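Here's the structure, in structure tokens; my notes come after.
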Amino acid sequence: MHQYISEFSAHVGKTITAKGWIYNIRKSKTNLFFELRDGSGFCQVVVSAEKVGEAAFAQAEQLTIESAAAFVGTLIADERQKGGFEIQADSFEIYQIAENYPLAQREKDLGISFLQDKRHLWLRKERQWAIMRVRNQIIMGIHDFFQAKGFVQMDAPLFTGNSCEGTTDLFETDFFGKPAYLSQSGQLYGEAMAMAQGKIYTFGPTFRSEKSDTPRHLAEFWMIEPEMAFYENEDNMELMEQFIKSVIGRVLERCQTELKALERDLSKLETVVNRPFAKVLYTDAVKILRGELEVEGKNALKIQQADLENIQRLIQEKTAEIATREAAVKSGTLKKGEKAFYEGKIISLQGELVDLNEKLQNIPKWIESAKNFQYGEDLGSSDETVLTRTFDAPVMVYNWPASVKSFYMKELKGTDLVKNVDLLAPEGYGEIIGGSERETDINVLLRKMKEHNLTEAELEWYLDLRRFGSVPHSGFGLGLERLVRWTCNLPHVRETIPFPRRYGRLFP
RNA sequence: GCCCUUGUAGCUCAGUCGGUUAGAGCAACGGACUGUUAAUCCGUAGGUCACUGGUUCGAGUCCAGUCGGGGGCGCCA
């Protein structure tokens with residue numbers, strides 16, 4: 001029996017066996033220092049010639065990065081090591097000597113294109129390891145939250161005959177000779193189940209064939225859709241807030257190591273758990289965007305302006321630093337190691353400059369878009385960023401114009417609005433949840449289906465839900481990968497799922 | 001779908017005005033070093049400059065097309 005690194009704290013001082021893969025190697029004449037990963041964590045293994053003997057030491061020297069081995073030795077606690085432990089090996093057994101490993105360098109020094117092609121190996125890197133473990137805790141946290149509240153988990157069909165909301169592009173497949181579509185939402189089926197079980201949630205894959213090549217879009221992603229009978233939109237919003245606080249709280253409790261590996265700013269997540277979410281009417285969101293309404297003295301447009309000035313200053317500073325370092329390299333007075341360090345620094349500074357210049361070009365466009373925002377429009381992704389920057393906590397924007405929303409949303413009497421809500425994550429991550437109270441009146445539904453060009457025949461079963469015991473009910477849809485991206489502070493959703501499927505990428 | 005940008009060693013990138021034999025760091029390989037933390041030091045090997053065509057005495061460099069990558073917007077979770 002061997003021990004897992006995650007359970008090492010119970011075995012300090014004892015002789016243990018660890019089985020894993022060599023993550024990194026440092027060596028001197030008589031000592032080998034291996035960073036070992038075993039899936040549960042990372043630790044250092046020391047193989048010394050003195051302890052294992054000359055012959056065994058020569059064997060251990062053959063171990064390459066990603067070679068697999070079992071080490072038997074004394075476990076000691078050592079603050080300095082990644083993971084906090086070190087094994088002083090007495091003996092070892094080699095499973096396999098790995099060939100020249102293409103991802104042997106630090107993740108920071110590998111390009112995104114290459115990493116994507118090598119996704120099956122990229123998953124072994126510490127950052128990716130951490131992300132997958134956060135994803136796991138988020139998934140379990142979602143189940144725990146709903147189960148504790150008496151929700152019943154249901155599986156909605158993946159093949160559907162109708163296009164549901166009628167707006168997005170769907171993947172068409174052949175279903176025994178008839179056209180069928182891969183599901184873009186389980187919501188309508190969730191409504192049917194909620195009328196049977198009271199409170200339900202779906203947790204399953206969702207498919208969209210839109211050609212959206214952005215940091216927020218996947219062609220195949222996982223969506224969680226609770227649906228509750230006798231819930232109005234206010235109840236929906238309350239549940240949403242509790243839900244996000246609960247899941248983020250769990251990650252903070254259980255994923256300290258992972259969040260540290262990801263260099264996540266914990267105070268940002270603690271804010272989410274501790275502060276009430278902002279609730280903003282759509283009509284007020286429009287005013288905030290246009291700079292006509294301030295939030296606790298903060299003006300959305302002025303914040304962007306300040307960002308812009310900050311970026312200009314940073315660009316000047318970085319440019320100056322590059323010039324200084326280049327001059328030092330050219331002067332020829334640096335030692336070799338120092339010169340290499342300077343050259344590496346120059347390259348990383350140039351990378352930062354590319355990012356900053358990108359922002360320098362984008363922000364003025366974002367300001368223009370926000371300034372000219374018209375009542376009745378849907379929020380664009382830059383508008384979401386501009387809006388959320390004026391708040392620290394997530395923002396719920398509710399009661400939107402019916403014209404930009406789906407047919408099934410409950411109309412707000414005497415207005416052109418519907419009772420719905422979008423939850424926008426802070427730090428520029430934007431929409432992670434969309435939800436609404438559902439229309440209960442069959443005649444209103446029929447009218448709106450016509451307006452949205454939906455065929456009545458395909459949704460006849462859905463209309464039955466309004467014929468027999470129609471009651472107020474609400475629900476929402478959470479994009480799992482978007483939540484993982486925000487929680488881990490990642491640049492792109494492609495890192496939030498083991499094997500992402502998105503526009504233009506099907507392999508590996 | 002629209003706009004911007006990019007393709008040079010296994011990887012990350014330099015390559016000046018179009019000019020002789022295309023460079024560096026990392027990884028790999030060989031060696032040195034008594035505890036390393038991006039170890040350090042010495043050495044070796046590694047190239048169809050994405051592809052096709054064009055301009056030119058001469059193209060990694062200029063032009064056109066094709067293919068691939070990245071970013072922004074639209075659509076959305």
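Note: hydrogens, waters and symmetry copies are ignored here, and every other heavy atom, side chains too, is used. To find a chain, count down the sequence lines: A is the first, B the second, and so on, and within it residues start at 1. Every value quoted in this text rests on a predicted model; they were computed, and no experiment measured them.
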### Message
Centre-to-centre under 6.0 Å for A:Phe243 and A:Phe146, is that the case here?
### Response
yes
### Task
Could you tell me whether A:Gln88 contacts a base, only the sugar-phosphate backbone, or nothing, with contacts defined as non-hydrogen atoms closer than 4.0 Å?
base
Could you go over nucleotides 3-10 of chain B and give all protein N or O partners under 3.5 Å, atom names and distances?
unit_1 : atom_1 : unit_2   : atom_2 : d
B:G10  : N2     : A:Gln105 : NE2    : 2.9

### B:U36 phosphate, OP1 or OP2, under 4.0 Å from A:Arg26 side-chain N/O
no
### Query
Taking atom P in both B:G10 and B:U5, what distance in whole Å separates the two?
29 Å
### Task
Check whether NZ of the Lys or CZ of the Arg A:Lys82 lies under 6.0 Å from the centre of the six-membered ring of A:Phe42 and within 45 degrees of that ring's axis.
yes
### Task
Pick base, sugar-phosphate or nothing for A:Asp355, based on heavy-atom distances below 4.0 Å to the nucleic acid.
nothing
### Task
Provide the distance between the two P atoms, one in B:C3 and one in B:U66, to the nearest whole Å.
14 Å
### Task
Using a heavy-atom cut-off of under 4.0 Å over every strand shown, decide if A:Glu35 touches base, sugar-phosphate, or nothing.
nothing
### Message
Rounding to an integer number of angstrom, what distance separates B:A59 and B:A22 when you compare their P atoms?
### Response
14 Å
### Message
Regarding A:Glu79, tell me which of base, sugar-phosphate or nothing describes its non-hydrogen contacts under 4.0 Å with the strands shown.
### Response
nothing
### Query
Is any side-chain nitrogen or oxygen of A:Asn24 closer than 4.0 Å to OP1 or OP2 of B:A39?
yes
### Pairwise P distance for B:A77 and B:C4, with rounding to whole Å
30 Å
### Message
Distance check needed: B:G25 C1' versus A:Lys108 NZ, whole Å only.
### Response
17 Å
### Query
Is there a donor and acceptor pair, one atom on the side chain of A:Arg482 and one on the base of B:C76, closer than 3.5 Å?
yes
### Task
Indicate, with a heavy-atom threshold strictly under 4.0 Å, whether A:Thr214 touches base, sugar-phosphate, or nothing.
base
### Message
Stem finding on RNA chain B, please: runs of three or more consecutive Watson-Crick or G-U wobble pairs, both distances under 3.5 Å, sorted by first number.
### Response
B:1-7 with B:67-73, B:10-13 with B:23-26, B:28-32 with B:40-44, B:50-54 with B:62-66
### Message
Between B:G60 and B:U20, how far apart are the two P atoms, rounded to whole Å?
### Response
10 Å
### Summary
By side-chain hydrogen bond (donor to acceptor under 3.5 Å, both in side chains), A:Asn24 pairs with (sequence neighbours left out) none
### Query
With a 4.5 Å heavy-atom cut-off, do A:Glu225 and A:Ser185 have their side chains touching?
yes
### Query
Quick one: does NZ or CZ of A:Lys125 land under 6.0 Å from the six-membered ring centre of A:Tyr23, within 45 degrees of the ring axis?
yes
### Distance-only donor-acceptor test (3.5 Å): side chain A:Ser28, base B:C33
no
### Query
Is the glycosidic torsion of B:C11 within 90° of 0, making it syn, or is it anti?
anti
### Message
Suppose you measure atom P in B:G15 against the same atom in B:G54; what distance do you get, rounded to whole Å?
### Response
29 Å
### Query
Using a cut-off of 4.0 Å on non-hydrogen atoms, how would the nucleic acid contact of A:Lys27 be classed: base, sugar-phosphate, or nothing?
base
### Task
Using the P atoms only, state how far B:G70 lies from B:C29, rounded to an integer number of Å.
30 Å
### Query
Does A:Asn236 reach the main-chain N or O of A:Asn233 with its side chain, forming a donor-acceptor pair under 3.5 Å?
no
### Query
What interatomic distance, in whole Å, is found between P of B:C26 and the corresponding atom of B:C41?
8 Å
### Task
Report, as yes or no, whether the 6.0 Å neighbourhood of atom NZ on A:Lys359 holds more than 12 heavy atoms from other residues, nucleotides or ligands.
no
### Task
Can you check whether any acceptor in the base of B:U34 is under 3.5 Å from a donor in the side chain of A:Glu50, or vice versa?
no
### Query
With distance as the sole criterion, do the side chain of A:Glu86 and the base of B:U37 form a donor-acceptor contact below 3.5 Å?
no
